[in-house]
Structure formats: C-alpha cells, structure tokens
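What follows is a set of notes on a single structure, which appears directly below.
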Amino acid sequence: MKNREIAEILSEIAKALALSNDNFFKIRAYERAARAIKDLPEDIEKICKEGSLTDIPGVGEGIAKKIKEYLETGKMSKYEEVTKDIPHSLLTLLDIRDLGSKTLGVLHKELGVLSLEDLKKVIEDGTFAKIEGLGEKTAEKILYNIREYEKRMGKQGRFLLGEVMLTVNEIVKKLKNIDSVTRVIPCGSYRRMKETLGDIDILVESKDNKKVMKKFTSFQEVKKVLESGETKTSVIIEGQGIQMDLRVVPEESYGAALMYFTGSKDHNVHIRSLAQRRGLKINEYGVFRGSMRIAGKTEEEIHKLLHLQFIPPELREDRGEIELAMKGNLPQLVNYNDIEGNLHTHTKYSDGENTIRDLVLKSLELEYSYLGISDHSKTASYANGLSVTELKKQSEEIDRLNEEFNEFTILKGIECDILLDGSLDYDEDVLSSLDYVIGAIHSHFKKNVTLRMEKALENPYLTILAHPTGRLISKRKGYELDIERVMDKAKEREKILEINAYYDRLDLDEHNTREAYKRGIKFCINTDAHNLRMFDWMDLGVGIARRAWLGASAVINTYKLKDLLDLIKRNG
DNA sequence: GCCGTTTTCGGCCCGACTGTTTTCAGTCG
C-alpha cells in the first residue's frame, strides 16, 4: 500500500505552498486530499487502476493526475517543483506547535532559517524576538515546543486508544465530581473509536466555566497548561504526555458542541457547508438562521433539521456517510451491547491469571449469556500450553460449572497453534471433542505464513482464525503474508476471522475488516483476555467493527447461543 | 485545487486563545 507515502507527499506540497504564501484554499485542498488518502480503507493503487481516484472525497482531476503520475513513474513533478527552493528540513519545522507557515516563512526570508539548528540559534541570540509581530513570550513558547518536538521525534506521535482509556476514565470521573458539572463526554477521535489518537478532547456541560477551568488545571494529572480561557483549556497530561483539550458549554449548546468536538474535521466542514447551502449556519453553539438559534441541544435534532439520518460517531470521517444519511441509507451497525460472549479467553490452565469460575462471574457481570474458554495448545510451551490430559481435566471442570450455572453456557474451545506445516496442534479425536477451535500462528512468522494459514483454513476442525495479520500496533509489523489470499480462502471455506481486541493488536484492523466484510466473511470479536480487566477491551473491537461499517449479523458472538452453535457446528 | 438541492464559475466552516498590538494576525482544532 502506497497510501501513506502519497498522503505524505501531498501534505508536504501543502506545507511548501503555505511557506510560499500560495492560495489558502489550494493549500487546504492538498491537506484535505492528504488526510483522505492517509485514512483510506482501500489500496490507492487498486483505486487508481480502476480509474476511480476522483471518487475519493477531496481528490479532483488535478490531484488524481498527480497521484497517477507518481504511481507510474515514482515521481510527482508538482512536488519536485514546489520543493525546489525549500529544503525538507524547513518543511518539518511546521510540525512544531504554534509555529505556522506565516511565521516560519518570515524567519526563512528575513533570517535565512533553514533547519532546526538555525531556528534554535535565532531564538537564543534574540533576533527572533525582534521580528515584527513576535516577541519574548513567543520566543519562549516556541523554544519550549521545540524541546517537546525533539522528544517525540522518531516516535509515532500518536497514542493507542486502549492505552489512554484508563486516563480518560479517571479524568472524566474527576470532572463529574465538580459541583456545577452536569455532563462529561470524551469526543474527538476517542469518540470515533480510532485505534490511535493524537490528543484527547473532552466536552463538559456546566453553567460555571471559571470553576471548571480552575479545578481542571489544578488536577494532579496535569503537567502543563498550554492555554486556558473562558470556554477552552488545553493541557499536557503527566506520564503519557498526551494533550487534553477541555471545552465547556451550556446545556442548550451541548448537541452542537458534541458534533463540533467529535469531528472529524472534514466531516464537520462538509456538514457545515451543507447547512450553509440551506441558508443556515452551524457552530459549536447551535444551528442559526440569521441570528436566531433554531437547534443545538442534541445531535439528533440537528441531524433532523438538516434532513439527515443520525450519523454514528464512528462513521464521521467524510467517507460518503453524509451522502448516505441524506438518502436515509446508512448501514445498521453492530452495537456495543449486542455482544453475547467472549470466545477467546485464557485461564490459569495455560497463561491466564484467573480460574474459569472467575471468568464466568465476570461474564455474568457484563450480562453475557455465554463464554468460550480457549487456552493455549500443547506446542505453545512458552504459554504453558495444555497437554491432552490437562485439556480433558479442563473439560470436566467446564461440565461441572455448566451444571452449576444453568442459565449460562461455557463453551469448550482452544487457541490451537498452526504448526510449521500448516497442521493443527492436536489429533482429530481431541479436536472433535471441542465446541470450536481457534487457529493461531505464534511462531515462525516469516515461514510460509500464507500457505500455512490456507492449509489450516482447509482443516474441517478449524472454526476461527485468530489475529489474522499478527501485527502489534506499536511494536511489530505482522506476519509476512498475503492477507487477500487468506481472506479468499476463509470465504471459500466459510471460516470466521477474529477481530482481536487486545489493545495493542486490534487485528484485523478496520481496513482489512472492511475488505473482508465486502467479501461476505463473518467475524468474531474477542479480547484475548488473560485477566478480568482485559474483558473491558471488547468495546475496542466493536469500535473497529463499527468503523468498518459491520452489521450485527456479521459478528457471530452477537448471536444467541443456539444460532452460534448452529454456525460453529456446521463449521467445525 | 475542489465542487455543485441557487453554480462548470466563484465560492470555499467557524470560533477560541494568545501575544503583540491599541484592533488584529497567527495558530489551532
């Protein structure tokens, strides 16, 4: 996939144009196209071959032609042209907070700044502060931001959703405890359930802005206050170093503020221009006709006023959801409370921390109606995989517990290693004694992974393929495999692909999930839980499913027990 | 450079905060 590569080039063109003071709207067009391509679910080369580049929102004839040129020749002449007199080292300086193209353009022109070293030098020798419009305070602020920039250089610069969830929950709880606060909702990419976040946006409903801001900035989690006004405050959070933006609005504006603060940016721009064409104006305080506010209290009433079906946050990416909402054709998405059970879980029998009973009680707390136990198979010695004898012992314990909890069902499963030759880790008679088998690759990531998976998918006993690409978001790229072939085989053999909601895996990701969904493949959302707390990651997996536009019928662990058994028995 | 429920030309979302200014430009989301 060259999506990221092309997005980066378009973004650099935008930066170069900005430094040359080119047309503002042209710059924005490049930025928008770059964002759309970076987050595109499909492979851009495939789209180009189909001749449908201009179907991408924000890509017109001009940019399509440039992308085509790049894919065919490996070069983009527009990029070469605009960066001819602007070194790459200058463009990267635009990633420093509060240093925009206007300021950097002046520094380049008047002080000859070309690099980070140059920039530091002109700040330290005082020439920076002498430029008209700048000053000591700005110099100090930029210097601080340079240090922060240097710290995150080389790092991804984004945070994992599952990683920031705890921090967010803590702070939401504290905010709710403030007297005048009536509602607190995390917005932004957090609410849209993107797998990684750049920052955290929190919306508060209160009549006493000053009090909220004062309390918030004094929370012990706050490391530095970037800015703080009547309605908006930005801080850096201790530990993770993530930025948190807090916005306070009154009740009558809460719906409009939710929409504004949830984004995405492109979705908002699209919605607002739609309103504009109807003679309306939308901002974070409401929908206005002239100076009259005619809506704003809830998101639902704003959608209704614009003749739009309600658009769930996870779809708000300007990928065609607005057009569908206009026609009332949005997909019915799987819901967070549709999940009936977790089928990929580990117990003390292998490398989990809890007993089967503990997991049953946790499942009951979550109002699940069944639970699948899937400890590791015998070859997975590093994870204390189960011998045939141990598996039998576990089976007997499950029988006893099933009698004890008669309204609830525990299913017998296994996370079975797919071996080097593509075979499964137990004999047929063992596999056939189980309710279902999850196949997983845990070793030899570079050896014939595609072939091994294909062979495993042909095995009649395999039910579900675990974490199909093997990636770890922040650490490991994944197996060397042809995921398209694996998807085709899964479809052919009617096998189920797992959406593994372990916070660092999130595998399949939303793009592959959407591709597989288009093929008519079914999924199972699991948390791969090794302890009770990990059960709470289920929402991450449902978030991926929703972002990939999946309906509940594509997710087998939303089925009632009987339907689930029908499916996996037929399958296994 | 993109785009169309007044348009294939002439628009392009909207507002908060800060610092350097005496009314606003730059940056951000």
Side-chain angles (χ1 to χ4, degrees), chain A residues 10 13-14 17-18 21-36 53-67 78 82 94-107 128-142 145 187-190 197-203 209 213 225-235 243-249 253 256-257 259-288 306-308 318 322-323 326-327:
Chain A
L10 293 176
I13 291 177
L17 292 174
N21 268 324
D22 208 307
N23 179 299
F24 172 74
F25 296 104
K26 196 199 283 186
I27 296 164
R28 221 172 59 181
Y30 275 102
E31 285 171 350
R32 184 182 173 209
R35 273 196 305 274
L53 282 173
T54 52
D55 288 352
I56 302 167
V59 177
E61 293 298 329
I63 291 181
K65 214 172 131 192
K66 294 176 177 79
I67 294 171
K78 178 74 179 179
V82 297
L94 287 172
D95 294 334
I96 296 166
R97 191 186 162 86
D98 294 325
L99 184 61
S101 58
K102 290 284 192 303
T103 309
L104 192 59
V106 171
L107 295 176
F128 178 99
K130 291 204 180 76
I131 299 273
E132 198 188 332
L134 301 177
E136 287 300 336
K137 278 198 163 179
T138 307
E140 208 177 298
K141 186 166 78 179
I142 297 290
N145 290 339
C187 296
S189 35
Y190 186 92
L197 319 173
D199 62 8
I200 301 167
D201 305 303
I202 303 221
L203 186 65
N209 295 36
M213 295 312 184
V225 178
L226 296 173
E227 59 181 41
S228 184
E230 278 274 301
T231 66
K232 185 186 164 190
T233 287
S234 295
V235 304
Q243 182 176 328
M244 185 175 277
D245 297 336
L246 191 82
R247 199 69 197 248
V248 184
V249 295
S253 298
M259 287 182 68
Y260 154 73
F261 220 23
T262 297
S264 71
K265 183 189 175 83
D266 292 319
H267 175 92
N268 281 351
V269 170
H270 195 151
I271 291 274
R272 285 178 177 191
S273 52
L274 197 76
Q276 201 183 37
R277 285 200 294 277
R278 293 191 180 141
L280 303 171
K281 184 181 77 169
I282 299 185
N283 57 29
E284 56 264 54
Y285 300 108
V287 184
F288 297 82
L306 297 173
H307 306 293
L308 292 171
D318 198 21
I322 295 172
E323 290 81 353
M326 279 159 105
K327 295 184 214 137

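Order of the sequence lines fixes the chain letters, A, B, ..., with proteins taken first and strands second; residue numbering starts at 1 for each chain. Given the structure is predicted, the values throughout are model-derived calculations rather than measurements.
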Sequence neighbours excluded, the answer for side-chain hydrogen bond (donor to acceptor under 3.5 Å, both in side chains) partners of A:Y260 is A:R247
Just wondering, do A:Y30 and A:D22 contact through their side chains at under 4.5 Å, heavy atoms? no
Atom [atom1] of [X] and atom [atom2] of [Y]: how far apart are they, to the nearest 0.5 Å?
X      : Y      : atom1 : atom2 : answer
A:K141 : A:E136 : NZ    : CD    : 14.0 Å
A:M244 : A:L226 : CE    : CG    : 12.5 Å
A:D201 : A:K232 : CG    : NZ    : 9.5 Å

Distance, [atom1] atom - from [M] to [N], rounded to whole angstrom:
N      : M      : atom1 : value
B:dC17 : B:dT6  : P     : 35 Å
B:dG1  : B:dT5  : C1'   : 24 Å
B:dG10 : B:dA16 : C1'   : 29 Å
B:dG26 : B:dT20 : P     : 14 Å
B:dT21 : B:dG15 : P     : 27 Å
B:dC24 : B:dC13 : P     : 22 Å

Which part of the nucleic acid, if any, lies within contact of [X], taking any heavy atom under 4.0 Å across all strands shown: a base, the sugar-phosphate backbone alone, or nothing?
X      : answer
A:L94  : nothing
A:M326 : base
A:I27  : nothing
A:K65  : nothing

Tell me which nucleotide among B:dT7, B:dT20, B:dG29 gets nearest to the side chain of A:T138. B:dT20
What's the closest nucleotide to the A:K26 side chain, out of B:dG29, B:dG4, B:dG1? B:dG1
Nearest-angstrom distance from the residue atom [atom1] of [X] to [atom2] of [N]:
X      : N      : atom1 : atom2 : answer
A:H270 : B:dG11 : NE2   : P     : 20 Å
A:R97  : B:dC28 : CZ    : P     : 7 Å
A:N145 : B:dG19 : CG    : P     : 12 Å
A:D266 : B:dC3  : CG    : P     : 11 Å
A:I322 : B:dG4  : CD1   : C1'   : 15 Å
A:L274 : B:dT6  : CG    : P     : 11 Å
A:E31  : B:dT27 : CD    : P     : 12 Å
A:R278 : B:dG4  : CZ    : C1'   : 13 Å

Assess the residue pair A:R272 and A:M259 against the criterion (side chain to side chain contact (heavy atoms under 4.5 Å, CB included)); give the C-alpha distance rounded to whole Å, side-chain angles, the decisive distance to 0.1 Å, and a yes or no. CA-CA 11 Å; A:R272 285 178 177 191; A:M259 287 182 68; over 6 Å; no
Please tell me which of A:I63 and A:L99 maps to the more 5' nucleotide of DNA chain B, matching each residue to the nucleotide holding its nearest heavy atom. A:I63
Go through A:E284 and A:V249 one step at a time and tell me if the side chain to side chain contact (heavy atoms under 4.5 Å, CB included) criterion holds. CA-CA 9 Å; A:E284 56 264 54; A:V249 295; 5.5 Å; no
Kindly give the heavy-atom pair with the smallest separation between A:L104 and A:L99, and that separation in Å. CD1-CD2, 4.1 Å
Using every non-hydrogen atom in the two residues, find where A:A36 and A:I56 come nearest and quote the distance to one decimal. CB-CG2, 4.0 Å
Where does B:dT22 fall, syn or anti, if syn means a chi angle no more than 90° from 0? anti
Check the pair A:M213 / A:L246 against side chain to side chain contact (heavy atoms under 4.5 Å, CB included), numbers first and verdict last. CA-CA 8 Å; A:M213 295 312 184; A:L246 191 82; 4.0 Å; yes
For nucleotides 21-26 of chain B, which of its nitrogen or oxygen atoms have a protein nitrogen or oxygen under 3.5 Å away, and what is each distance?
residue	atom	partner	partner atom	Å
B:dG26	O3'	A:T103	OG1	3.2

According to a strict under-4.0 Å criterion, is A:Q243 in side-chain N/O contact with OP1 or OP2 of B:dC28? no
Please walk me through it: do A:Y190 and A:I202 pass side chain to side chain contact (heavy atoms under 4.5 Å, CB included)? CA-CA 9 Å; A:Y190 186 92; A:I202 303 221; over 6 Å; no
Each nucleotide in nucleotides 12-18 of chain B should get exactly one letter: B, S or -. Can you fill that in based on protein heavy atoms under 4.0 Å? BBBSSSS
Does the structure show a Watson-Crick or G-U wobble partner for B:dT18, both distances under 3.5 Å? Name it, or say none. B:dA25
